[in-house]
Protein chains: 2
Amino acid sequence: MSRKEQIEQKATALFKTRGFSATSMRDLANALGIEAASIYSHIRSKEEILQRVCFRMADEFFGAIEALKDENASATEQLQRAITAHVRVLTRNTEASAVFLQEWRHLSEPHHSDFLALRDRYENYFRDIIRQGIASGEFQVPDEKFAVLTILSGLNWIHTWYKPEGKMKPEEIAENLSAMLLNGLKTNLSLN
Amino acid sequence: MSRKEQIEQKATALFKTRGFSATSMRDLANALGIEAASIYSHIRSKEEILQRVCFRMADEFFGAIEALKDENASATEQLQRAITAHVRVLTRNTEASAVFLQEWRHLSEPHHSDFLALRDRYENYFRDIIRQGIASGEFQVPDEKFAVLTILSGLNWIHTWYKPEGKMKPEEIAENLSAMLLNGLKTNLSLN
DNA sequence: TAAGCAACCTAACGTTCGTTAGCAAATTTA
DNA sequence: TAAATTTGCTAACGAACGTTAGGTTGCTTA
């Protein structure tokens, strides 16, 4: 791992716990055991770190769900796979995920807008699955966008409590989450 | 409304959109149309504002769910009521809620610890309902804490997209959310 | 062995930060 | 109408901020 990557990693950890704005370059330098000015041998600016973390994670999330596109699968199956893929990325790097989810608003333009556009595209991926499930009769849901936001909020909360050394493994989390969310989506005529 | 409350309100709006650390007293003063130093005729420090917002909202959330305690109601009913109460508080003041949910980590000690203790107590209220629902056979859930976190994450995401002038009214949101979450919790033998 | 480069240093820059001191005007209260 | 309170001002403080300039050291490569 290059020195630049090491710096990014330490910065990510600090950004997660204290936030981007509340983390100074001197804090970061201190965590690395060097002087603040030395960091600038490796990066251009503080925000560059944030940009790299945010867009790298965006790439990872997109890569994960685009790898499993399957037109023939049912909406239920597709949603389950998407949830599993999302949880896998999230749990593999909790710190970067937290920064990706919480600190993107400190991006300056045009990165801020670029990021939001990517986020929209990602949400649309889930929205399409929901729409498909409604059309096929698999899902019954009061509002399409509402359903997507509720699902993603459930997924994106994980980083606040997940610990790799905890008892719940990523696969388990994905399973439980799928179960909780899907049974809330599935048409179920036996319930009034 | 006192000048102090006006200041708090404007600060809350800024804290929500830019975050506590990225909002300077000069930003706040500018939004109020006065000088930064003038603010200190009304408040003791920048953090005092954050403290007041966080703990006032905590009071509101507790007040809302404690008002509807009913030992005789079913767990399903209790959860529905708790969700409705929670959503009502959240939507009545989106900005303060956002600060309450996102900026509390910038509280200094001992307020930080105090806040976390309150948050735990609030989560436990929901946890008790879930536990009761499991005992009565109303709910079937893989993990108790997991269920609470997923529910609350769904609720606490609302502030990011809810607009009072939008088409969805608080009662509708609460209903839809209850429906999505409860049907995911309810024992349902007809599903495999 | 010389050149190049990666990694880090000290010193300092201009700026912004939260906050205080001291004072003036306006408004409210007695 | 006098006193007290509220609300704001200007000027300034010391500290912390992101960042740059210029230099040294030691390892790697030709």
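What you see is a predicted model; the values in this text were computed from it and never measured. Atom set for the values below is all heavy atoms of this structure, side chains included, hydrogens, waters and symmetry mates excluded.
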| query | Using a cut-off of 4.0 Å on non-hydrogen atoms, how would the nucleic acid contact of S21(B) be classed: base, sugar-phosphate, or nothing? | reply |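 Nothing, no nucleic acid heavy atom in range.
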| request: Remember a base hit wins even if backbone is also touched, and classify S2(B) as base, sugar-phosphate or nothing at under 4.0 Å, heavy atoms. | output: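 Contact class for S2(B): none.
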Given atom [atom1] of [X] and atom [atom2] of [N], what is their separation to the nearest angstrom?
| X | N | atom1 | atom2 | result |
| --- | --- | --- | --- | --- |
| I39(A) | dG18(D) | CD1 | P | 9 Å |
| E48(A) | dT20(D) | CD | P | 12 Å |
| L14(B) | dG18(C) | CG | C1' | 16 Å |
| R44(A) | dA21(D) | CZ | C1' | 18 Å |
| K10(A) | dA7(C) | NZ | C1' | 17 Å |
| D27(B) | dT16(C) | CG | C1' | 11 Å |
| E5(B) | dT6(D) | CD | P | 14 Å |
| I43(B) | dT6(D) | CD1 | P | 16 Å |

| query | Starting at the 5' end of DNA chain D, which residue's closest nucleotide do you reach first, E47(A) or S41(B)? | reply |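 In this pair, the answer is S41(B).
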| field | Residue whose closest nucleotide on DNA chain D lies nearer the 5' end, I7(B) versus R26(B) | value |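 Its nucleotide being nearer the 5' end, the pick is I7(B).
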Checking side-chain polar atoms at under 3.5 Å, does [X] have a donor or acceptor matched by the opposite partner on [Y]?
| X | Y | result |
| --- | --- | --- |
| S136(B) | E138(B) | yes |
| R81(B) | Q78(B) | no |
| E171(A) | T84(A) | no |

| request: Report the residue from I43(A), I49(A), L50(A) that forms a side-chain contact (heavy atoms from CB on, under 4.5 Å) with E8(A). | output: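 So the option named by the test is I49(A).
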Side chain of [X] - closest among [options]:
| X | options | answer |
| --- | --- | --- |
| R3(B) | dT7(D), dT20(D), dA7(C) | dT7(D) |
| M25(B) | dT19(D), dC9(D), dG18(C) | dG18(C) |
| A37(B) | dT10(D), dG8(D), dG18(D) | dT10(D) |
| S38(B) | dA21(D), dC9(D), dG18(C) | dC9(D) |
| E35(B) | dT19(D), dG18(D), dT10(D) | dT10(D) |

| Any side-chain N or O of H42(B) less than 4.0 Å from the OP1 or OP2 oxygen of dT7(D)? |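 For dT7(D), OP1 or OP2 has a side-chain N or O of H42(B) closer than 4.0 Å.
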| said: Can you see if the side chain of Y40(B) gets near the phosphate of dT20(C) - specifically, an N or O under 4.0 Å from OP1 or OP2? | reply: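 It does not, given that no N or O in the side chain of Y40(B) lies less than 4.0 Å from OP1 or OP2 of dT20(C).
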| query | Between F61(B) and Y122(B), what is the ring plane arrangement, given parallel below 30°, perpendicular above 60°, and tilted in between? | reply |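 If you compare the ring of F61(B) with that of Y122(B), the planes turn out perpendicular.
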